[in-house]
Amino acid sequence: MNKNWILRVVAFFLGWLIFINPASASDHQDAPKIFGTPVLDISDLFAFTMPEQPNHLVLIMNALPLASESAWFSDTFDYSIVVRPASISGTGSEAGFTTGDQEFRFTCNFKAPSPRRWSRSNDSKDLVQRGTCRGPAGISAPVVVNDEDGTQVPGMRVFAGRRLDSFFLDFQRIAKGQLGPDVEGKNSLQNKNVLSIVIDADMDKVFGSQEGSMFAVVGEVNTVGKPAIRVDRQGRSEMTNITLSLKQFDQVNKDLDVRDLYNQEDTFKLLKDYIGAYRARFNANLGFWDNVDGKVDWQLKDNNQHPLTDLLLNDILVIDTAKPCTEQSYFEIEKAILADRPYATCGGRKPNEDTVDTALTLYVNGGNGPHVGDGVNQPTQLASNTFPYLAPPYTAK
């Protein structure tokens, strides 16, 4: 198939997605139902350790893309980050992970914003939002939204509030198929803000010493109470918008947008009723991306499954806390077990990482060809190495 024709197809369909939804990125506004409730929309998930405190696991979940100065967390839903022990189940064409049943859940819920004691104004600047973040082992921390120092209790430190969106990409360049190793782009999320929950957990106090060093992480937004209904979730970057959004190449479910169904799933136990639909979409779209450069780099397995489908299907962010975390760690564990080699870094994801280029390069040529990039290599402002890590929110002058 002609390379230029494929790129035109990419440009048409991605351009169409961006036209109807200019905030489509990572997990930003990634499914039809979530468009109308952006406060419940998980836009990014991060998990990493710092050299100064390697026994601390930093977990960050961003929500509400394009958050305004008057943005608040929902007071009727829970925001959770879930961690489970994980292990490698196979390498090469059978690369994958298994997860244990032990679950470590960090859940934040918030009250409706209320006027400060000294103010009777309903202006958002005179309102305050409070909440509580609960972790494993009975740990609980009260939080005041937008308090820069956060709240520290034994075993955990928590921040919740507006921060600068740490995701970055060039929508227009991707839409036009203008990708390559040396292109220059413009960040379409420049100066955009999100609502962030940052948890710095002491692993010795929270997890104990019996769970090993590899974990699977997922972010969730759920209804309050039982039964809890999941409305959004995220593990890795770009599973829904880049990997699952295109319908046209899926000959099994061409008329079905699977992303709302996928977002409502239990990451660790996908419903058997829908696994076939998810597999079909992964196989079709991963095959499409493989052909973008006009050649096939991924050989299908004997059952005609793409080698990445089973690896990515459950959507977990995998981190090995025994390894150092760098800003080139994203997908490191996955790429290593695909190549049946040892991995050197922690995997996970740090805020300054270019996950768009990493995902596209893996999908298009398996890392065996030139770098596939959109020309944007860092966020509006780099995240820092100190709590709460993400840059302060942008304020128009």
Side-chain angles (χ1 to χ4, degrees), residues 25-28 42-65 67 71 73 79-83 106 108 131 133 135 139 141 143-153 155-168 187 189-203 205-206 215 217-219 234-237 317-321 323-330 332 345-356 358 377-395:
S26 192
D27 249 48
H28 299 55
I42 302 172
S43 58
D44 277 302
L45 180 71
F46 306 93
F48 56 93
T49 60
M50 300 297 297
E52 299 81 6
Q53 291 184 305
N55 64 323
H56 280 231
L57 176 61
V58 179
L59 303 168
I60 300 176
M61 183 170 72
N62 291 342
L64 185 55
F73 291 95
Y79 297 81
S80 297
I81 302 176
V82 185
V83 181
F106 301 83
C108 298
C133 291
I139 299 173
V143 292
V144 177
V145 173
N146 295 323
D147 179 355
E148 191 80 11
D149 294 330
T151 304
Q152 185 156 7
V153 296
M156 185 172 72
R157 187 177 182 183
V158 180
F159 166 86
R162 289 174 67 240
R163 306 306 283 176
L164 190 64
D165 195 338
S166 51
F167 193 68
F168 51 96
N187 185 11
L189 293 175
Q190 186 81 6
N191 297 332
K192 306 303 181 184
N193 296 320
V194 291
L195 289 179
S196 299
I197 293 173
V198 180
I199 295 173
D200 188 329
D202 183 328
M203 290 186 286
K205 294 181 179 179
V206 173
F215 298 97
V217 184
V218 64
Q234 183 186 1
R236 301 178 179 94
S237 173
L317 184 61
V318 180
I319 180 170
D320 187 338
T321 58
K323 301 289 186 180
C325 290
T326 71
E327 290 180 354
Q328 290 80 40
S329 293
Y330 181 67
E332 161 66 11
T345 63
C346 76
R349 180 184 176 192
K350 297 191 76 173
N352 295 329
E353 291 194 70
D354 194 342
T355 59
V356 171
T358 299
N377 302 313
Q378 66 180 49
T380 303
Q381 182 177 334
L382 292 175
S384 73
N385 292 327
T386 57
F387 187 91
Y389 305 103
L390 301 182
Y394 172 78
T395 302

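We're numbering straight along the sequence, starting at 1.
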Tell me, do Pro379 and Leu164 make a side-chain contact under 4.5 Å, heavy atoms counted? no
Thr386 meets the side-chain hydrogen bond (donor to acceptor under 3.5 Å, both in side chains) criterion, sequence neighbours left out, with Ser384
When you look at Asp165 and Asp44, which way does the side chain to side chain contact (heavy atoms under 4.5 Å, CB included) test go after all the steps? CA-CA 9 Å; Asp165 195 338; Asp44 277 302; 4.0 Å; yes
Are any non-hydrogen side-chain atoms of Val356 and Phe167 less than 4.5 angstrom apart? yes
Can you tell me how far CZ of Phe387 sits from CZ of Arg157, rounded to the nearest 0.5 angstrom? 4.5 Å
Would you sort out whether Lys350 and Met50 count as a side chain to side chain contact (heavy atoms under 4.5 Å, CB included), showing the intermediate values? CA-CA 10 Å; Lys350 297 191 76 173; Met50 300 297 297; 4.1 Å; yes
Decide side chain to side chain contact (heavy atoms under 4.5 Å, CB included) for Val82 and Val217; before the verdict, give the C-alpha distance in whole Å, the side-chain angles of both, and the deciding distance to 0.1 Å. CA-CA 6 Å; Val82 185; Val217 184; over 6 Å; no
Okay, side chain of Asn55, backbone of Met203: is any donor-acceptor separation there less than 3.5 Å? no
To check you understand the geometry: which heavy-atom pair defines the closest contact between Thr49 and Pro54, and what is its length? CG2-O, 3.9 Å
For Asn191, is there any backbone N or O sitting under 3.5 Å from a side-chain donor or acceptor partner on Thr380? yes
What's the separation between atom CZ in Phe46 and atom OG in Ser196, rounded to the nearest 0.5 Å? 8.0 Å
Side chains of Asp354 and Tyr330, donor plus acceptor under 3.5 Å: no
Residues that Gln152 engages under side-chain hydrogen bond (donor to acceptor under 3.5 Å, both in side chains), provided they are two or more places apart: none
Which pair of non-hydrogen atoms, one from Asn146 and one from Arg162, has the smallest distance, and what is that distance? OD1-N, 2.8 Å
Looking at every non-hydrogen atom in both residues, tell me the closest pair between Ala141 and Thr151 and how far apart they are. CB-CG2, 4.2 Å
Check: Tyr394 and Lys192 side chains under 4.5 Å, non-hydrogen atoms: no
Any donor-acceptor pair under 3.5 Å linking the side-chain atoms of Thr358 with those of Thr355? no
Using a 3.5 Å distance criterion without hydrogens, assess whether the side chain of Thr326 forms a donor-acceptor pair with backbone atoms of Gln328. yes
Distance check, rounded to the nearest 0.5 Å: Met156 atom CE versus Phe106 atom CZ? 7.0 Å
Less than 6.0 angstrom from the centroid, inside 45 degrees of the normal: does Arg349 satisfy that with respect to the ring of Phe48? no
Any donor-acceptor N/O pair, Glu353 side chain to Ser329 backbone, under 3.5 Å: yes
Pro351 to Phe168 - nearest heavy-atom pair and separation: O-CE2, 4.4 Å
Here the pair of heavy atoms bringing Val143 nearest to Cys133 is CG1-SG, 4.1 Å
Under-4.0 Å salt bridge between Arg163 and Glu148: yes
So does His56 get a backbone contact from the side chain of Asp200, meaning a donor-acceptor N/O pair under 3.5 Å? no
Main chain of Gly347, side chain of Glu332: is a donor-acceptor contact present, judged purely on distance under 3.5 Å? no
Residues Leu59 and Ala47: closest non-hydrogen pair is CD2-CB, 3.9 Å
Is there side-chain contact between Ile60 and Ile81, with heavy atoms separated by less than 4.5 Å? no
To the closest 0.5 Å, what do you measure between CG (Leu57) and CD1 (Ile319)? 5.5 Å
Does one side chain, of Ser43 or Asn62, offer a donor that lies under 3.5 Å from an acceptor on the other? no
Find the distance between CG (Leu45) and CD1 (Ile197) and round it off to the nearest 0.5 Å. 11.0 Å
Val158 and Val198: side chain to side chain contact (heavy atoms under 4.5 Å, CB included), yes or no, with the steps? CA-CA 6 Å; Val158 180; Val198 180; over 6 Å; no
